[in-house]
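In what follows, residues are counted from 1 in the order of the sequence shown. All values derive from a computational prediction rather than experimental measurement. Just follow the structure's listing: the first ligand is 1, and inside any ligand the first atom is 1.
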Amino acid sequence: MPPLRHLAIIMDGNGRWAEQRHLPRIVGHRRGVETVQRIVAACHARGIPYLTLYAFSSENWGRPVEEVGALMGLLGRYLQSELDTMLQRGVRLRVIGETGRLPADVQRVLEETVSRTAANGEMVLTLALSYGGRDEIVRGVRRLAEQVKRGALLPEQIGESELSAALDTAGIPDPDLLIRTSGEMRISNFLLWQLAYAELHFTDVLWPDFDEAELQTALDRFRQRQRRFGLTAAQLAEQATTPGEDRH
Ligand code: FPP
């Protein structure tokens, strides 16, 4: 049974959930926030140490200004209302993405939540905000180039672990499982580098309807999969009996 340390989720389908009910899209996003609260609690209860949610992509800035404004408002209110719960549950908040583009009040509440939960060790909840995977890789490459320019790093010293450490997700293990709701089968510029070996789970359920039972189905299916990391099944069986050979 493969261990699950990091679950990443593309929360898709809020808009369609609302449109199906002839409601404004923002009502779907509001219901989406309630799903976030339920799923964070369910992951915490299951002892999943890392959960990463794609809450707002770099491309989402192109949505109508009212929708962007409403999403930012929901985000700010979510953070304010969840701080106590995060502190009680030992949840540490992290943020990945180009957060400098977010409205100043959202940046302030994010910084406060990140710093007030920094010592928590039960679970790391990472929100991807103004996030794009290619964008993040470019930022990481720039950070490495700066180090080379300063003479702190030689080009030949740059390997996969150096690039991983230069990304926004530094210190977070790669996702073991990615869930995407709403029937779309795309990665949509999410965690491009980090998802290299992730198992993928797609469900037709729209994010506002995604519940604990759907989460459990995804986790059960994940547990039935054999992760080979490019090796053969025989090699894996041999590794399992050789101590100290575990790659993940
Ligand atoms: C996708 O639905 C969802 C988003 C673009 C935003 C996700 C945001 C939330 C769940 C609420 C805020 C998040 C937090 C963490 C408080 P969509 O609008 O793309 O749906 P559609 O594809 O049906 O139009």
W207 and S182: CA distance, side-chain angles, deciding distance, side chain to side chain donor-acceptor pair (under 3.5 Å) verdict: CA-CA 7 Å; W207 179 248; S182 95; over 6 Å; no
Could you tell me whether [X] and [Y] have a side-chain N and a carboxylate O separated by less than 4.0 Å?
X	Y	result
E111	R108	no
R46	E212	yes
D168	R143	yes

Structural part of E34 in contact with ligand 1, heavy atom criterion under 4.0 angstrom: neither
R25, portion touching ligand 1 at heavy-atom distance under 4.0 Å: side chain
Per atom 18 (O) of ligand 1, closest listed option by heavy atom (R77, R63, E67):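 Nearest heavy atom to atom 18 (O) of ligand 1 lies in R63.
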For [atom], closest protein heavy-atom neighbour:
atom	value
atom 14 (C) of ligand 1	L75 CD1, 4.2 Å
atom 3 (C) of ligand 1	M11 O, 3.1 Å
atom 20 (O) of ligand 1	G15 N, 3.0 Å
atom 9 (C) of ligand 1	N14 ND2, 3.7 Å
atom 11 (C) of ligand 1	V33 CG2, 3.6 Å
atom 7 (C) of ligand 1	A55 O, 3.4 Å

4.5 Å side-chain heavy-atom contact, D174 and T169: no
CA sep, side-chain torsions, deciding dist, call: D220, T217, side chain to side chain donor-acceptor pair (under 3.5 Å): CA-CA 5 Å; D220 291 344; T217 302; 5.7 Å; no
Other residues, nucleotides, ligands: >12 heavy atoms within 6.0 Å of E238 CD: no
Parallel, tilted or perpendicular: rings of H6 and Y50 (30°, 60°):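 Ring orientation, 0 to 90° scale: tilted.
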For N60, atoms of ligand 1 separated by under 4.0 Å from a heavy atom: 5 (C)
Which of the ligand 1 atoms, numbered from 1, are nearer than 4.0 Å to a heavy atom of Y78: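 In order of number, 16 (C).
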Contact check: D12 vs ligand 1, nitrogen or oxygen atoms, below 3.5 angstrom: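 Among all N and O atoms of D12, at least one is under 3.5 Å from an N or O of ligand 1.
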Joint cluster assignment, V106 & I26, ILVMFWY side-chain distance < 4.5 Å: yes
Ligand 1 contact by S182, heavy-atom criterion under 4.0 angstrom: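 No.
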